[in-house]
Amino acid sequence: MKYIFVTGGVVSSLGKGLTAAALGTLLENRGLTVALQKFDPYLNVDPGTMSPYQHGEVYVLDDGAETDLDLGHYERFTNTHLSRANATTSGQVYEQVLKNERDGVYLGKTVQVIPHVTDEIQRRITDLAEKSGADILITEIGGTVGDIEGLPFLEAIREFAHEAGPGNVCFIHVTYVPFIKAAGELKTKPTQQSVAKLREIGIAPHILVARCEQPLGKDVRSKLSMFCNVPFDAVIEEKDVDHTIYEVPLMLQRERMDDLVCRTLQLTLPPANMAHWQDIIRKMIAPQHRVRIGVVGKYIELQDAYKSVYESLKHAGAANDCGVQIEQIEAEQLENDDPTKKLKELGGILVPGGFGDRGIEGKIKAARFAREKGVPYLGLCLGMQIATIEFARNVLGLQGANSTEFDLHTVHPVIHLQETQRHVKRKGGSMRLGSQECLLEPGSLAHRLYGKPSVMERHRHRYEFNNEYREQFEKAGFVISGTTPDDQLVEMIEIPSHPFFIATQSHPEFLSKPNRPHPLFAGFIRAAHERMHHKPI
Ligand code: GLN
């Protein structure tokens, strides 16, 4: 087993996760099996209780783990299978250490950050390495070198590398080389200082990845090489990509990053064959057609809040030879005006997941517009609940219909708390989470799109369709096309009289990959194209 540790310097949001994932793509294409793991130094047990303003999207795994969005990159860029074991936070580490202490595991000892916390961190590396059976484990350390809370993780990987011995561990430090306009120069000092900080801890990076907006040039590379003490060819330029993040593996390959990793880890492997990956990118960069999709959400100004949704749209676009122009529409802004202005030019409307009542009425207006004007609609989780409320109010005439999440005393609770949620008091990890089976109605749109009668999709919700209203909805042409195998929970709905109106209680965006677009998204983009260009693809 070989190990790669990815750290970050200078600033956050450098795309360390993307770099780690892209390296994973290259190594897989050189014939290795790769496992990826994220360490997050914050004290929350998981990001499930954090606001998207703090954290961006919460990415859900098959086993129901609520994790960092970088795990989404890992799944989209590689074939790795992720579970709870692939995402560790300081909160989890301390929780385990404190439990051990109470259980008497350390009896007689003073429990300390070194060695008890650092040992628990190392145990999580070793455990995953063994469980995954992969050839190589890439571990990304969240945060920035110099953060107080990151120190135990850095000490743990230093100790780990010491034990593993040379040739078995590769340290990669991702940093930022800013371009100062007034001076017309790229500046290496922040990187030098951040590497110095790492070396103080006892970690000397083998590879330096310089994130930059301008090419580094020979001089800057030499300077980084000399003062960060890495070989000249181990300074990797990672410029902002021109078109799509899926170009990153190709860019890193051009910089020979995978060769360097193989050299450091003493691996002799054939070069990566990236022909298939190049094909996908070609389709993304130069599509034949274009569609405009409106995503109506409440965290629209945040790039990361609907990350997997945006990525899934792009995958589906590539599959249909369509460039997807995403219009990010703030739901609240639809509330007071006629929504026509903002929605009329769209090929399709997507309402993603969400919590809390802000923007709900705007989303209902968007769903109404889509239903009445025949605009393709895709509802995800909350987006299905919204479509249900809209139909209840405007087709069934159930005035004031709502979800009890937004109006506890509504006369028509068409969406209500799941039975199994009624006794739940704790907020963390207590929703209906992870992969769940859904059976599809034969002949329905859902069935035609998926092409099979039973599907597994990931979930993250507390509320559900209220079964007392089923008959009333169905009589009015609202089809329940997917349910749990016991028929108790509505998983998918659709309106067959509409060109494309479908919504799911699940989060299909967590299963889409560039080379395996999700069928619901692919169908949605196809329908959007037909609407915009009046012809099938
Ligand atoms: N807030 C809704 C629920 O809990 C929807 C959740 C979501 O969109 N993830 O059921």
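Each ligand, and each atom within it, is numbered from 1 in the order the structure gives.
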- Message: Show me which atoms of ligand 1 lie under 4.0 Å from any heavy atom of G353.
- Response: 8 (O)

- Quick one: look at H507 and ligand 1, take heavy-atom pairs under 4.0 Å, and tell me if it's side chain, backbone, both or neither. side chain

- Can you tell me which residue and heavy atom of the protein come closest to atom 2 (C) of ligand 1, and the distance to 0.1 Å? E405 OE1, 3.3 Å

- Item | T139 versus Q37, side-chain donor and acceptor atoms under 3.5 Å | yes

- Item | Side-chain H-bond candidate by donor/acceptor type, T78 with T80, under 3.5 Å | no

- For the student: nearest non-hydrogen atoms of R211 and V174, plus distance: CG-CG1, 3.8 Å

- Note on the structure: Any heavy atom of Q385 under 4.0 Å from ligand 1? The part involved is side chain

- State, without any angle test, whether Q421 and E419 hold a side-chain donor-acceptor pair at a distance under 3.5 Å. no

- Message: Tell me the protein heavy atom at minimum distance from atom 4 (O) of ligand 1, and give that distance in Å.
- Response: R462 N, 2.9 Å

- Regarding E491 and T483, is there a side-chain donor-to-acceptor distance under 3.5 Å anywhere? no

- Query: Who's the nearest protein heavy-atom neighbour of atom 7 (C) of ligand 1, and how far?
  - Reply: C381 SG, 3.0 Å

- Item | Shortest protein heavy-atom distance from atom 9 (N) of ligand 1, along with the residue and atom involved | R460 O, 2.9 Å

- Item | Main-chain N/O of S83 paired with D63 side-chain donor or acceptor, under 3.5 Å | no

- Note on the structure: Looking only at protein heavy atoms, what sits closest to atom 5 (C) of ligand 1 is G354 O, 3.3 Å

